[in-house]
There are 2 protein chains.
Amino acid sequence: MEDVLEFEKVKSCSKQFVLAINDTLNVMNGKWKLPIIGSLLYGKKRFKELEREIPKITPRMLSKELKDLEMNGIIKRTVYNTIPVSVEYELTESGHSFQSVLDAMLEWGLGHRKSFFTNFKKVDSN
Amino acid sequence: MEDVLEFEKVKSCSKQFVLAINDTLNVMNGKWKLPIIGSLLYGKKRFKELEREIPKITPRMLSKELKDLEMNGIIKRTVYNTIPVSVEYELTESGHSFQSVLDAMLEWGLGHRKSFFTNFKKVDSN
DNA sequence: TTAATAACTATACATTAGGATACTACTATC
DNA sequence: GATAGTAGTATCCTAATGTATAGTTATTAA
């Protein structure tokens, strides 16, 4: 309830509006962030597991994007003193809640595909 | 109802999942698409109006991004036979419905900022 | 006739993102 | 001793993205 009020309040305040949306944009920007988040939604993973699960990603890119996501508080990195060391990556609470954005994107994307391929393409071929 | 079912159905089908999310990502990708969509949410605008409303955008970028958005069925371009010609840009239905994605991004962004500046930063300064 | 506005386009340049490839340190296994 | 696995780094290079600046066509207003 309180959150809905705050949400409505902020929609009219463009500075905060822009900052919050920009934060969200930064979290997903680039070619690899969403695949990484998507993969971690199903549980914690190690570096090599992610590398295998995400087709065509190079270790350089994976390493860079993981650092980015960690700095933004989306994932948590844990090092275990095994020999050799193993490292696990998992989503933070914020990271998990990001699924709501993915859901909105999925829903809009599906609706848009539908209307795009019916309305627009037909008009185009006249 | 039907849409919710379809939504759930598709979440388990990763190919469509990825395509739809990628569509959504493409719509907002780049530095200028969201500012343009944001500006058009408040009503139709002409080229020069957009140029004035969006700080630092160059006509080259504005022109390019408008074409992109038009091709993707997000905005509609109308030319009027005034002298000299005037051109108006407005969101399509799909374009307007994109606000749901922006709302999700805003809501997540606000929540994330909150938890980021309380939890994370405090832990960081220990 | 010079300037201003609308709606762009053209050219050249700079920056950034991402890709290819090879390498490190450590250990275990064949 | 060679190979493989883990978790990455280091370099170099190209392609995509964005910026700066100027020019175009047409018309009206001073």
Side-chain angles (χ1 to χ4, degrees), chain A residues 18 21-40 43-72 74-91 95, chain B residues 18 21-40 43-72 74-91 95:
Chain A
V18 169
I21 286 186
N22 254 39
D23 281 1
T24 313
L25 208 51
N26 283 338
V27 163
M28 47 195 201
N29 121 343
K31 194 173 172 182
W32 303 112
K33 302 239 173 65
L34 289 191
I36 292 171
I37 293 173
S39 176
L40 290 177
K44 42 176 78 167
K45 299 268 165 67
R46 297 173 59 181
F47 190 90
K48 278 287 171 184
E49 288 181 278
L50 287 168
E51 202 182 336
R52 278 190 292 264
E53 271 191 23
I54 300 169
K56 311 236 172 189
I57 196 168
T58 60
R60 178 191 186 285
M61 275 298 121
L62 181 54
S63 166
K64 204 203 132 228
E65 300 295 60
L66 286 170
K67 263 175 207 156
D68 252 49
L69 289 167
E70 199 195 348
M71 280 201 328
N72 286 319
I74 311 302
I75 63 177
K76 188 171 159 273
R77 180 179 185 267
T78 316
V79 182
Y80 295 97
N81 272 335
T82 56
I83 288 175
V85 287
S86 54
V87 181
E88 273 184 352
Y89 296 92
E90 64 188 305
L91 294 176
Chain B
V18 169
I21 287 187
N22 254 38
D23 281 3
T24 312
L25 209 51
N26 282 337
V27 163
M28 43 194 203
N29 123 341
K31 195 172 170 182
W32 302 111
K33 300 240 174 62
L34 288 191
I36 293 172
I37 292 173
S39 175
L40 289 176
K44 43 175 77 169
K45 300 266 167 69
R46 297 173 61 178
F47 190 90
K48 278 289 171 183
E49 288 181 277
L50 287 168
E51 203 183 334
R52 278 189 290 265
E53 271 192 22
I54 300 167
K56 309 236 174 189
I57 196 169
T58 60
R60 180 192 188 281
M61 276 298 119
L62 182 54
S63 167
K64 204 205 130 226
E65 300 295 60
L66 286 170
K67 264 176 207 156
D68 251 50
L69 290 167
E70 198 194 351
M71 281 202 326
N72 285 321
I74 311 302
I75 63 176
K76 189 171 159 269
R77 180 177 185 269
T78 315
V79 182
Y80 295 96
N81 272 334
T82 54
I83 288 176
V85 287
S86 54
V87 181
E88 270 184 355
Y89 298 91
E90 64 187 306
L91 294 176

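Below, chain A is the first sequence line, B the second, and so on; all start at residue 1.
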Original post:
To the nearest angstrom, how far is A:Phe47 atom CZ from C:dC26 atom P?
Top reply: 18 Å
**OP:** Starting from P on C:dC8, measure out to CG on B:Leu50 and report it in whole angstrom.
**Re:** 10 Å
Original post:
Considering heavy-atom distances to DNA chain C, does A:Ile83 or A:Gly30 have its closest nucleotide positioned more toward the 5' end?
Top reply: A:Gly30
**OP:** Check step by step if salt bridge (charged side-chain N to carboxylate O under 4.0 Å, His left out) holds for A:Lys48 and A:Glu51.
**Re:** CA-CA 5 Å; A:Lys48 278 287 171 184; A:Glu51 202 182 336; 3.2 Å; yes
Subject >> Short side-chain N/O contact from A:Lys64 to OP1 or OP2 of C:dA17, under 4.0 Å >> reply: no
**OP:** Report the nucleotide, chosen from C:dC8, D:dA7, C:dA28, that has the shortest atom-to-atom distance to any side-chain atom of A:Val87.
**Re:** D:dA7
Original post:
Does D:dA7 have OP1 or OP2 sitting under 4.0 Å from an N or O in the side chain of A:Lys67?
Top reply: no
Original post:
Are any non-hydrogen side-chain atoms of B:Val27 and B:Ile37 less than 4.5 angstrom apart?
Top reply: yes
**OP:** Could you tell me whether the side chain of A:Arg60 has a donor or acceptor atom within less than 3.5 Å of a complementary atom in the base of D:dT11?
**Re:** yes
Original post:
So what does B:Lys56 touch, heavy atoms closer than 4.0 Å: a base, only the sugar-phosphate, or nothing?
Top reply: nothing
Original post:
In whole angstrom, what separates B:Arg77's CZ from C:dA6's C1'?
Top reply: 12 Å
**OP:** Could you point out which residue of B:Glu88, B:Glu53, B:Glu90 forms a side-chain hydrogen bond (donor to acceptor under 3.5 Å, both in side chains) with B:Lys45?
**Re:** B:Glu53
Original post:
Of the nucleotides D:dA7, C:dA7, C:dG19, which has the atom closest to the A:Met61 side chain?
Top reply: C:dG19
Original post:
Taking OP1 and OP2 of C:dA6, is either one under 4.0 Å from a side-chain nitrogen or oxygen of B:Lys45?
Top reply: no
Subject >> Gap between atoms CG and C1', on B:Leu62 and C:dA6 respectively (whole Å) >> reply: 13 Å
Original post:
Nearest-Å distance, OH (B:Tyr80) to P (C:dA6)?
Top reply: 17 Å
Original post:
Side chain of B:Asn29, backbone of B:Leu25: donor and acceptor closer than 3.5 Å?
Top reply: no
Original post:
In whole angstroms, how far is the P atom of D:dT9 from the NZ atom of A:Lys48?
Top reply: 13 Å
Original post:
Would you say B:Leu69 and B:Tyr89 make side-chain contact, with heavy atoms under 4.5 Å?
Top reply: no
Original post:
Starting at the 5' end of DNA chain D and moving along, which residue's nearest nucleotide shows up first, B:Pro59 or A:Arg46?
Top reply: A:Arg46
Subject >> Nearest-angstrom distance from the residue atom CG of B:Asn81 to C1' of C:dA6 >> reply: 15 Å
Original post:
Counting only side-chain N and O atoms of A:Tyr89, is one of them less than 4.0 Å from OP1 or OP2 of D:dG8?
Top reply: yes
Original post:
Between B:Ser63 and C:dT9, is there a side-chain N or O to OP1/OP2 distance below 4.0 Å?
Top reply: yes
Subject >> Separation of C:dC8 P from B:Glu88 CD (nearest whole Å) >> reply: 12 Å
Original post:
Under 4.0 Å: is that the gap between some side-chain N or O of A:Arg52 and OP1 or OP2 of D:dA7?
Top reply: no
